[in-house]
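Have a look at the structure below before the remarks.
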Amino acid sequence: MWVVLQVETGQEQSVQQALQAMENMVALVPRENRAVRKGGAWTQKEYILFPGYVFLSLDYNADNYYRVRAVPHVLRFLGTSGLAPSRLSYLEAEWIKVLSGGGKPLEPTKVRRQPDGSLKVVGGVLGNFASRAIQYDSHARRAKVELTICGEPKTVQLSVELVNDS
């Protein structure tokens with residue numbers, strides 16, 4: 001089952017590494033190389049898509065609960081009650097796997113401006129979420145995508161790169 005851990009912000013990757021070292025656990029921290037404008041020039045910086053959270057697949061039982069809670073910087077399992085964590089649905093878990101990019105940071109999605117002014121995805125992860133994109137901001141080089149995590153709507157910003165017809 002897939003669950004979500006709340007962790008200390010900035011410690012997502014150290015928690016992920018500690019959990020990955022444990023038997024029968026898969027921990028994911030979706031990241032991207034985000035285009036950032038600094039000093040008048042565009043550069044790329046690695047950015048965590050869900051700051052303060054680690055997504056974890058495990059067989060949820062008392063032993064694993066205490067093993068996970070013993071990892072430094074883990075704050076809690078997300079859930080509405082203290083007894084059981086909220087589970088990701090199958091579709092939510094698949095979205096997180098796609099956003100995790102096989103353990104590597106995602107590269108910006110390539111988009112092309114259409115004659116009507118709209119943007120069309122021509123390559124990259126946003127192609128998997130095209131129907132969920134709610135807003136493109138070509139000036140900031142971002143697309144907002146609406147997903148659900150544990151049944152709650154969340155908005156995620158993904159980087160886009162405008163390509164020209166050649």
Side-chain angles (χ1 to χ4, degrees), residues 2-22 25-58 68 71-79 85-89 91-113 118-164:
W2 282 92
V3 297
V4 184
L5 295 176
Q6 186 175 14
V7 302
E8 292 176 21
T9 303
Q11 298 299 322
E12 298 89 352
Q13 290 181 288
S14 66
V15 170
Q16 177 189 23
Q17 290 170 354
L19 293 169
Q20 289 288 97
M22 294 181 187
M25 291 194 197
V26 176
L28 300 176
V29 176
R31 301 171 290 143
E32 76 168 350
N33 286 322
R34 180 167 285 182
V36 178
R37 190 169 181 105
K38 185 174 183 177
W42 287 97
T43 60
Q44 286 197 345
K45 178 183 173 195
E46 189 173 298
Y47 182 81
I48 294 178
L49 295 176
F50 299 94
Y53 298 97
V54 173
F55 298 88
L56 180 64
S57 175
L58 79 163
V68 170
V71 172
H73 311 295
V74 170
L75 300 176
R76 67 185 183 107
F77 284 84
L78 285 191
S86 295
R87 296 179 180 201
L88 294 179
S89 71
L91 184 57
E92 292 169 343
E94 291 301 309
W95 289 336
I96 296 302
K97 290 176 195 175
V98 168
L99 290 172
S100 294
K104 296 179 182 168
L106 299 172
E107 293 301 323
T109 295
K110 297 188 182 326
V111 296
R112 181 172 288 126
R113 188 167 306 284
S118 66
L119 297 177
K120 178 182 179 185
V121 174
V122 294
V125 73
L126 196 53
N128 297 302
F129 300 96
S131 65
R132 298 194 155 273
I134 54 175
Q135 181 182 8
Y136 287 98
D137 182 344
S138 54
H139 178 70
R141 298 185 180 181
R142 305 269 192 284
K144 288 185 180 180
V145 177
E146 189 171 274
L147 306 174
T148 59
I149 302 295
C150 296
E152 292 186 23
K154 301 289 180 198
T155 302
V156 179
Q157 289 192 25
L158 298 173
S159 289
V160 296
E161 178 182 330
L162 192 60
V163 295
N164 297 320

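Note that these values count all heavy atoms, side chains included, but never hydrogens, waters or copies made by symmetry. FYI, the numbering just counts along the sequence from 1.
Between Y53 and I48 there is no side-chain heavy-atom pair separated by less than 4.5 Å. At a threshold of 4.5 Å between non-hydrogen side-chain atoms, the residues L28 and W2 count as touching. With a 4.5 Å cut-off on side-chain heavy atoms, S159 and R141 do not count as touching. Between Y47 and Q157, every side-chain heavy-atom pair lies at or beyond the 4.5 Å cut-off. Under the 4.5 Å side-chain criterion, counting only non-hydrogen atoms from C-beta, T148 is not in contact with L91.
Salt bridge annotation for K110-E161: present, with a cationic side-chain nitrogen under 4.0 angstrom from a carboxylate oxygen. E146 has no carboxylate O lying under 4.0 Å from a charged side-chain N of K144, or vice versa, which leaves the two without a salt bridge.
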Please walk me through it: do L99 and L158 pass side chain to side chain contact (heavy atoms under 4.5 Å, CB included)? CA-CA 10 Å; L99 290 172; L158 298 173; 4.1 Å; yes
From CA spacing to verdict: side chain to side chain contact (heavy atoms under 4.5 Å, CB included), L5, F77: CA-CA 5 Å; L5 295 176; F77 284 84; 3.6 Å; yes
Report the C-alpha separation of Q13 and R31 in whole Å, then their side-chain angles, then the decisive distance to 0.1 Å, and conclude whether the side chain to side chain contact (heavy atoms under 4.5 Å, CB included) test is met. CA-CA 10 Å; Q13 290 181 288; R31 301 171 290 143; 3.0 Å; yes
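Note that the OG1 atom of T43 and the CZ atom of R34 stand 12.5 Å from one another [nearest 0.5 Å]. Going from atom CD of E92 over to atom CD of E152 covers 9.5 Å, rounded to the nearest 0.5 Å. One finds the CD atom of E94 at 10.5 Å from the CD1 atom of I96 (value rounded to the nearest 0.5 Å). Distance check: E12 CD to S14 OG gives 8.0 Å after rounding to the nearest 0.5 Å.
With a 6.0 Å radius and a threshold of 12 heavy atoms from other residues, nucleotides or ligands, R87 has its CZ atom at or below the threshold.
Residues that satisfy the side-chain contact (heavy atoms from CB on, under 4.5 Å) test with V98, not counting sequence neighbours, are V125, N128, F129.
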